[in-house]
Amino acid sequence: MFKESAGGGFHEMLPGVRMKTLVHGEHTLLGEFRLDAGFEVPAHSHPYEQTGYLVSGRLRFTVAGDRFDAVPGSSWSIPRDVVHAADVVEDAVVIEVFSPVREDYLPFS
């Protein structure tokens, strides 16, 4: 599947979080997230492996009790069912891959 880049198409998931699905296949989904400074992603876990890349901004992650300060160019992979949270230190753009496909993100295509 190929999809041309488009500037719009973001959906507000929560105040301070906008997301759009860029493309998905049978086993993975690629999404772009725009996060506002001050937003706190609460501690949670899910049955998806989550691999990400910070394009711009700054995030502070807590993953399984370990802290990680992400700056542009940082990347991560969070195993499925591992508790994680994040604080948005500066407005951020994040690209993330989820496996298996997050069906709850398909409406944001």
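Quick note: residue numbers are just sequence positions, from 1.
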Engineer: Quick check: closest heavy atoms across Asp69 and Arg60, and the distance to 0.1 Å?
Structural biologist: OD1-NE, 2.8 Å
Engineer: For Gln50, which residues count as a side-chain hydrogen bond (donor to acceptor under 3.5 Å, both in side chains) partner, sequence neighbours excluded?
Structural biologist: His46, His84, Glu96
Engineer: Work out which heavy atom in Glu26 is nearest to a heavy atom in Val101; give both atom names and the distance.
Structural biologist: O-CG2, 3.7 Å
Engineer: At what distance, to the nearest 0.5 angstrom, does CE of Met19 lie from CG of Leu35?
Structural biologist: 11.0 Å
Engineer: With sequence neighbours excluded, what pairs up with Val41 under the side-chain contact (heavy atoms from CB on, under 4.5 Å) test?
Structural biologist: Phe39, His44, Ala86
Engineer: For the CD atom on Glu12, are there more than 12 heavy atoms of other groups (residues, nucleotides or ligands in this structure) within a distance under 6.0 Å?
Structural biologist: yes
Engineer: Given Ile95 and Leu30, is the side-chain contact (heavy atoms from CB on, under 4.5 Å) satisfied, shown in steps?
Structural biologist: CA-CA 7 Å; Ile95 303 295; Leu30 180 67; 3.4 Å; yes
Engineer: Just how far is it from atom OG of Ser77 to atom OH of Tyr53, taken to the nearest 0.5 Å?
Structural biologist: 16.0 Å
Engineer: Using the ring centroid of each side chain, check whether Phe68 and Trp76 are separated by less than 6.0 Å.
Structural biologist: no
Engineer: Are the side chain of Thr28 and the backbone N or O of Gly25 linked by a donor-acceptor pair below 3.5 Å?
Structural biologist: no
Engineer: Any side-chain heavy-atom pair from Phe10 and Glu32 closer than 4.5 angstrom?
Structural biologist: yes
Engineer: Should Val88 and Val71 be counted in the same cluster of Ile, Leu, Val, Met, Phe, Trp and Tyr side chains packed under 4.5 Å apart?
Structural biologist: no
Engineer: Considering all heavy atoms of both residues, which atom of Gly9 and which atom of Lys20 are nearest to each other, and what is their separation?
Structural biologist: O-CB, 3.3 Å
Engineer: Take Thr21 and Leu29, measure what side-chain contact (heavy atoms from CB on, under 4.5 Å) needs, and give me the verdict at the end.
Structural biologist: CA-CA 7 Å; Thr21 295; Leu29 179 139; 3.9 Å; yes
Engineer: Are Val93 and Val89 connected, step by step, through hydrophobic side chains (Ile, Leu, Val, Met, Phe, Trp, Tyr) whose heavy atoms are closer than 4.5 Å?
Structural biologist: no
Engineer: Could you walk me through whether Tyr48 and Asp104 pass side-chain contact (heavy atoms from CB on, under 4.5 Å), step by step?
Structural biologist: CA-CA 12 Å; Tyr48 308 98; Asp104 55 331; 4.2 Å; yes
Engineer: State the OG-CZ distance between Ser56 and Arg34, to the nearest 0.5 angstrom.
Structural biologist: 7.5 Å
Engineer: I need the His11 NE2 to Met13 CE distance, nearest 0.5 Å.
Structural biologist: 10.5 Å
Engineer: Start with the C-alpha distance between Val83 and Ser45, add both sets of side-chain angles, then the distance that settles side-chain contact (heavy atoms from CB on, under 4.5 Å), and finish with yes or no.
Structural biologist: CA-CA 5 Å; Val83 175; Ser45 65; 4.3 Å; yes
Engineer: Identify the two heavy atoms, one from Pro72 and one from Val55, that lie closest to each other, and give their separation to 0.1 Å.
Structural biologist: CB-O, 3.6 Å
Engineer: Between Asp36 and Arg18, does a salt bridge (charged side-chain N to carboxylate O under 4.0 Å, His left out) hold up when you go through it step by step?
Structural biologist: CA-CA 9 Å; Asp36 293 343; Arg18 292 163 308 287; 3.1 Å; yes
Engineer: Mind listing the closest non-hydrogen atom pair of Pro100 and Pro47 along with its distance?
Structural biologist: CD-O, 3.7 Å
